[in-house]
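Okay, structure first, notes after.
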Amino acid sequence: MRRGLALPLIAAAVVTAFAAPCLRAAEQPAPAAPVAPEKKDDPVKVPVAIAPALTESEANLKSFVEGAFPKEGAPGGRTSLTNRKPASVTVQQAALAGLLRNLEMARAEKQEDVIKAAREEARAVFDPVLTAAVEKDYSQTMTRHRIGRVFHKATQLINGENRLVFSPDAVEATQIQYLIFANPRPNFFTHERVDASVRSPQDPQGAHTFSAEIDQQLPWGPSVSISAVSVRRQSFDELGGEFGAPWTTSLSVSMDLPLPGTKDFGRYALADVNLKVAGYDKERAFWDTKTIINSTMVDIDHAYWDLAGAVENLRAAVDNRKSLEKILSNVEQMVQAGRTTDYGRQQVVAELANVKESEEAAWEGFLKASNRLNNLLDQDKSLVFFPLGYGKLLYENIPLNSKDANEIALDNRPELKAEKISQKSSDLLVQFNRHQLKRPDIRFKGEYNHKQLGIVFGYQDWWDTIRNLQHQDARVENYSLVYTRAIQQRTLRGQYDGAKAEASKQSVVVEQTVNTIEEDVGNALVLLMARKKQLELADDNLKLAQESLKQAREFFDAGRLTEFEMVTKNRDVLFADFAHVAAAVEYKKAETQLLFAEGILPYLYANMTAPNSLEKRRIGVLDSANALRFFGPSGAKTDGGGNKAQEAPAPKK
């Protein structure tokens, strides 16, 4: 896709679909978000109306993470966060930043294609092609004559011939040794017109030439060219007087017309085929761009939910550590009261060390997940991202239609649409080359020239020469019927065979793409069902572990449970919490994977991640107004550039 004209449209569509509206309501500051690389260090203000609501757990965890950063001049802080800065990012901000980066990279790779598509689009808009040229040429010839006394040398009789013998210098200059006269000639003087210099008596005798030409490529093969040339030339008589009529104009008309039934006439004429192929290339560039968007969004989404999962793992480890610290406090009180032994306290202390080790591992996982997302967004490498507003989305399932998944995918996957466009282009070239090979090449060519010579007299000014254009001094007409045929036609046969091979290859590519899409959908459905079951089991296990820990505390306080059993129950909650977070993250990724496989992720993503109803309404207004080209339903029929030609039903949810 073809990176130019397409990129400003892409950027506008991206910003329209994901950027928040500029509300003039009261604003609250928020930490830096990856919106624009050139403003990495500047905080971004998020309008209150669209700011995501944080759960209590999410807000507490955010404060905990930000409090772990070392403060200048203050003790404490985590060593791994030295020289790092906290930054919050919503899922929509991550999608926007990732899309802008990947589309910029694609522009560098596809720049030539984009430029070509833009040029061919301009040609298609103004078909038939109109070319105008204006030129000016100037030339001059300067000659001056005078009447003077000239001496003529006498001939000499040499070998019976009357010879006029030249001097050695004259012989060297002219390479003529002598001239022979029929009769003897004496020395004598005459008055003759001779060249005195190369300047005219008044102005230089020159010519100013102005020309204009129009070339018209007509549909189905013919072309017409019309040109007019006006010349301003000063003319002098023998005494140096000027006539005062310097202007002349010539008109030339030419036509190149392939005869009906020949290879360059009709729907497969070269000019028409080039325009159609250019249109296919332009549409292919559009679908290639949608492919980039679809792939980029699934990568960013997976990285974002990995970050959210890492944060939730950190929350689980911190909660479990706090729970165990509370248990340890109770055990120490029991030791002092003589209700338990120091051996039991040591078991709790050992388990607390293990939990702290799990917390360190959770911090490591959180920083790695932040770095991975940062690499995809290409932001300031000192930033550590905290996923803002993920709490509600992580445990909120999206209604998905698995029954019609294959049908939706085959209607919406941009890769398949791009390959089908290439198939149309290949089939067109096969037909074109077949016509080039099978049909004769017979062309009618005509040329008509209408000239005012102006050798002596022209017209006083340019308007005079135009008004009197019908008064020609000369007319030249040439008409021909040209038949051209290569003896073996090896080149045409080779081009035809190559076009058929390319079309056959493209047909296989389309079939392979269909198979790949169906496999993607099948794998995504299997993954989604498996992840859904895992999430249900993990949810049940977490509830059982939490309930079991609650009962264990009651038994422990009553002295009916040992420290080892209490530590085991607390550990079960940690592992169940980790498993539940992992299952929730994997299920969110499986949801996105199915939408990606169906090709409708760009269309639904903004709406399903909108933080509130205001955002959903704004996105719905854009969609209903057909303002979304790259983030609209791919199943809509489009014109050459992906614009909706007619309304298509939205993909089933």
Where do L528 and Y587 land on the side-chain contact (heavy atoms from CB on, under 4.5 Å) test, with the steps shown first? CA-CA 7 Å; L528 183 67; Y587 183 72; 3.5 Å; yes
Please lay out, stage by stage, how V311 and L61 fare under the test side-chain contact (heavy atoms from CB on, under 4.5 Å). CA-CA 8 Å; V311 168; L61 183 58; 2.9 Å; yes
Step-by-step salt bridge (Lys or Arg N to Asp or Glu O under 4.0 Å) determination, E359 to K356: CA-CA 5 Å; E359 185 176 346; K356 288 182 178 180; over 6 Å; no
Please evaluate residues K368 and E364 with respect to the criterion salt bridge (Lys or Arg N to Asp or Glu O under 4.0 Å), reporting the C-alpha separation (whole Å), side-chain torsions for both, the decisive distance (0.1 Å), and the verdict. CA-CA 6 Å; K368 286 182 177 180; E364 179 184 359; 3.0 Å; yes
Might you work through the salt bridge (Lys or Arg N to Asp or Glu O under 4.0 Å) test for R345 and D342, ending with a clear yes or no? CA-CA 5 Å; R345 187 184 70 83; D342 188 64; 2.9 Å; yes
I'd like to know whether N330 forms a side-chain contact (heavy atoms from CB on, under 4.5 Å) with I327, so could you lay out the CA-CA distance, the side-chain angles of the two residues, the decisive distance to 0.1 Å, and finally the verdict. CA-CA 5 Å; N330 292 338; I327 293 174; 5.6 Å; no
Show your working on side-chain contact (heavy atoms from CB on, under 4.5 Å) between I421 and K417 and close with a plain yes or no. CA-CA 6 Å; I421 293 297; K417 291 183 176 292; 5.5 Å; no
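Rounding to the nearest 0.5 angstrom, the gap separating the CD atom in Q333 from the CD atom in Q336 is 7.0 Å. Note: N570 CG to R321 CZ = 12.0 Å, rounded to the nearest 0.5 Å. Distance CG/N313 to CH2/W363: 13.0 Å, rounded to 0.5 Å. Taken to the nearest 0.5 Å, the NE2 atom of H302 stands 9.0 Å off from the CZ atom of F596. Taken to the nearest 0.5 Å, the OG atom of S382 stands 8.5 Å off from the CG atom of N374. Atoms CG and CG, on L544 and L549 in that order, are 12.5 Å from each other to the nearest 0.5 Å.
The backbone N or O of V509 sits less than 3.5 Å from a side-chain atom of T513, completing a donor-acceptor pair. Between the Q506 side chain and the E419 main chain, a donor and an acceptor come within less than 3.5 Å of each other. Between the N371 side chain and the L367 main chain, a donor and an acceptor come within less than 3.5 Å of each other. Without hydrogens or angle criteria, N60 side chain to E56 main chain gives a donor-acceptor distance under 3.5 Å. No side-chain donor-acceptor contact under 3.5 Å links S323 to the backbone of D319.
A 4.5 Å side-chain heavy-atom check between M566 and V331 finds every atom pair outside the cut-off. Side chains of Y390 and E312 form a contact here, defined as non-hydrogen atoms less than 4.5 Å apart. For the pair L525/V521, a side-chain contact is recorded, criterion being any heavy-atom separation below 4.5 Å from C-beta on. Annotation: side chain of E332 is in contact with side chain of L328 (closest heavy-atom distance under 4.5 Å). Proximity of Q379 to V89: side-chain heavy atoms (C-beta onward) are nowhere separated by under 4.5 Å. Using a 4.5 Å heavy-atom threshold, the side chains of N294 and E598 count as separate. For the pair K588/Y395, no side-chain contact is recorded, criterion being any heavy-atom separation below 4.5 Å from C-beta on. Q92 has its side chain out of reach of L96: every pair of non-hydrogen atoms, C-beta onward, lies at least 4.5 Å apart.
For CG of N83, the number of neighbouring non-hydrogen atoms (other residues, nucleotides, ligands) closer than 6.0 Å is 12 at most. Other residues, nucleotides and ligands contribute only 12 or fewer heavy atoms inside 6.0 Å of the CD atom of E511. Within 6.0 Å of atom CZ in F564, 12 or fewer heavy atoms from other residues, nucleotides or ligands are found, so the atom counts as exposed in its surroundings.
Scanning both residues, P70 and R78, for their nearest heavy atoms gives CG-O, 3.4 Å. Scanning all heavy atoms of the two residues, the minimum distance from T341 to V335 falls at O-CG2, 3.7 Å. Closest approach of K62 to S88, counting heavy atoms only: CE-OG, 3.2 Å. Across D306 and A369, no two heavy atoms sit closer than the pair O-CB, 4.0 Å. Taking all atoms of both residues into account, the shortest heavy-atom contact from P86 to E66 is CB-CG, 4.1 Å. Of all heavy-atom pairs spanning A583 and L535, the tightest one is CB-CA, 3.7 Å.
A salt bridge is defined here as a Lys NZ or Arg NE, NH1 or NH2 lying under 4.0 Å from an Asp or Glu carboxylate O, and K589 with E586 meets this definition. Salt bridge annotation for K290-E415: absent, with no cationic side-chain nitrogen under 4.0 angstrom from a carboxylate oxygen.
In this pair, F386 and F366 present their aromatic rings perpendicular. The plane angle is above 60°, beyond the 30 to 60° band.
Donor-acceptor pairing under 3.5 Å is lacking for the side chains of Y603 and N412. A donor and an acceptor atom, one from each side chain of K381 and N375, are located under 3.5 Å apart.
Pairs passing the salt bridge (Lys or Arg N to Asp or Glu O under 4.0 Å) check and including a residue from residues 539-557, sequence neighbours excluded, read D539-K543. Applying the salt bridge (Lys or Arg N to Asp or Glu O under 4.0 Å) definition to pairs two or more places apart or across chains, those involving residues 565-575 are E351-R571.
Both tests do not hold together for R372 against Y304: distance to the six-membered ring centre under 6.0 Å, angle to the ring axis within 45°.
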